[in-house]
Amino acid sequence: NATASADTLIGPWRGEGEFTRAGVRNRFSASSGQWKTSGRITLKLDLEPQNQPYDYALDGTFRFEKLVPAFDGIARVKRAGSPSDADRISFPRPERATALPVHLEADVQIATGGATFPAFKLDIGAANDPYSVTGTAQAVFAQRVNYRVEAEGQQIDLARLEAASPQQEGQSAQSRLEAVLNVLRQVPVPVTQGEISLYLPAVIAGDTVIREVGFDARPATGGDDAWEIRNLEAQLPGRTELRADGVLDPGMEPRFDGNLIVASRQPSGLAKWLGHEPGEALRKLSSAGISTKAAITTQTAVLENLEIITGGQQLTGRIVRSAKENGRPLIEADLSGTGLVVEQMQELAAMVSGGGSPVSSHDLQGDLSADLVEWDGIRARGVMARGVRRDDVVRVETLEIENVEGAQVSGTLNLQGVPQRLRGQAKLKVLAKDGTDIARLVSNRTGNPVVLETWIADPVTLAELEVTASIEAGDD
């Protein structure tokens, strides 16, 4: 649907109209100069996609060289202007305020085989003080257009992206991520296949400097407004390295499916950045990290091939978090490895969740096998445990400890009314050749009762110790 007019056949020409591509309306206008005897003519084309708050323009010279068409000129992209009242009705577009404050200008050379952009400049932010990214690009015209863009920039302040959420000190992991997604949602994903490479030495995000940010990405195959990230690297606070690759959809129902590595050499610094005040256990932790194949949405998080490193201890396995329409979300964990410190794991979980310990707000189902488990100063070796928590019900189906203070311990637990009104049963079995150390541990934790102190004073009493206990709790 278009109209065109000209003073003469050799120009100048003027035209305007609309066309639909991939279900999206596009409005255009075009004008030209006159054909020159040298076989050249100036052209100007303006394009307004209805689904984007950006305008596109092409301005240059069209010519024939040895009967082969070619074009040299300048390409521009900028935020759309303010629409007229008539356009708001007949050609509604996203509000200008939803667009990033960007202006792109690029030299362009187009031939039958493709297009080359020898240099481009992308300005971000206020016109009188923009942040600039420069680079080169090329596109190949075949059955489908394919392109590659390489760009570098200097330090960027995300506050210049007016549509990005302002960030304050101590924001949670979820808030930090949402701010990044807000920016990505406003970056139109190209409809054709290609690759974009970008490197920034630093990104300022509110109170934070994120260093050495680099990524290679391309539009995801078959995914609307999704990116296939070939490689993402960044240095976060807390001397933390982030690496990722996979498919990222930053839309209103964001999802990520790919590989993720986060390694911190100062976990307490990372915790502060994520709005969590580190406790003693986290301050003592010299390093921490995870490596996983992740599938994450707003409702579920599946971490497969998971490896967790805390201060030299390693756990591997799988963790799944799933939300329910009615009821508390569920965390399922199946982990095994060399060991863990319970307090450190609790703090790391609280740091990531953005609040208190997820143990209190989630249902839990877990299997653990560890060479060493430390909790509240107690060191237990050869630990195997399997347990479930559903609402106010806690069941420990299996607990086996090879050595805690020289004793073997096994037991089960079945409680209801947790934590305020306990009802249920616990069974415990303790075996030790010399029960002095385990008795001293129990005594110290229970106020040093006389009977235990008497036994400890007479080691013969605790030789070849074998204790089986059954404890019941109820309303009575």
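All residue numbers in this chain count up from 1 along the given sequence.
- Remark: the backbone N or O of Pro94 is not paired with any side-chain donor or acceptor of Thr98 at under 3.5 angstrom.
- Of the inter-residue distances, the one linking Leu462 atom CG with Arg440 atom CZ reads 9.5 Å to the nearest 0.5 angstrom.
- For Glu195 and Arg148, the salt-bridge test passes: some basic side-chain N is under 4.0 Å from an acidic carboxylate O.
- Between Arg379 and Arg381 the shortest side-chain heavy-atom distance falls below 4.5 Å.
- Here the NZ atom belonging to Lys429 is positioned 5.0 Å from the CD atom belonging to Glu466, to the nearest 0.5 angstrom.
- With salt bridges taken as basic N to acidic carboxylate O contacts below 4.0 Å, one links Glu241 and Arg243.
- Formation of a donor-acceptor pair under 3.5 Å by the Arg389 side chain with backbone atoms of Arg395 is not found in this model.
- The closest side-chain donor-acceptor pair between Asn231 and Asp245, if any, does not fall under 3.5 angstrom.
- Side-chain contact between Glu343 and Trp375 is present, with at least one heavy-atom pair separated by less than 4.5 Å.
- Arg321 and His362 form a side-chain donor-acceptor contact under 3.5 Å, judged by distance and modelled atom types alone.
- A donor and an acceptor atom, one from each side chain of Thr240 and Gln266, are nowhere located under 3.5 Å apart.
- Thr297 contributes a side-chain N or O that, together with a main-chain N or O of Thr300, makes up a donor-acceptor pair within less than 3.5 Å.
- Salt bridge status for Arg423 with Asp392: absent, with no side-chain N to carboxylate O gap under 4.0 Å.
- Here CG of Leu303 is found 9.5 Å from CZ of Arg318. Values are rounded to the nearest 0.5 Å.
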Using atom types as modelled, flag every donor-acceptor pair under 3.5 Å from a side chain in residues 450-457 to any protein atom, sequence neighbours excluded.
unit_1, atom_1, unit_2, atom_2, d
Glu453, OE2, Ser443, OG, 2.4
Glu453, OE2, Asn448, ND2, 3.3
Thr454, OG1, Val450, O, 2.8

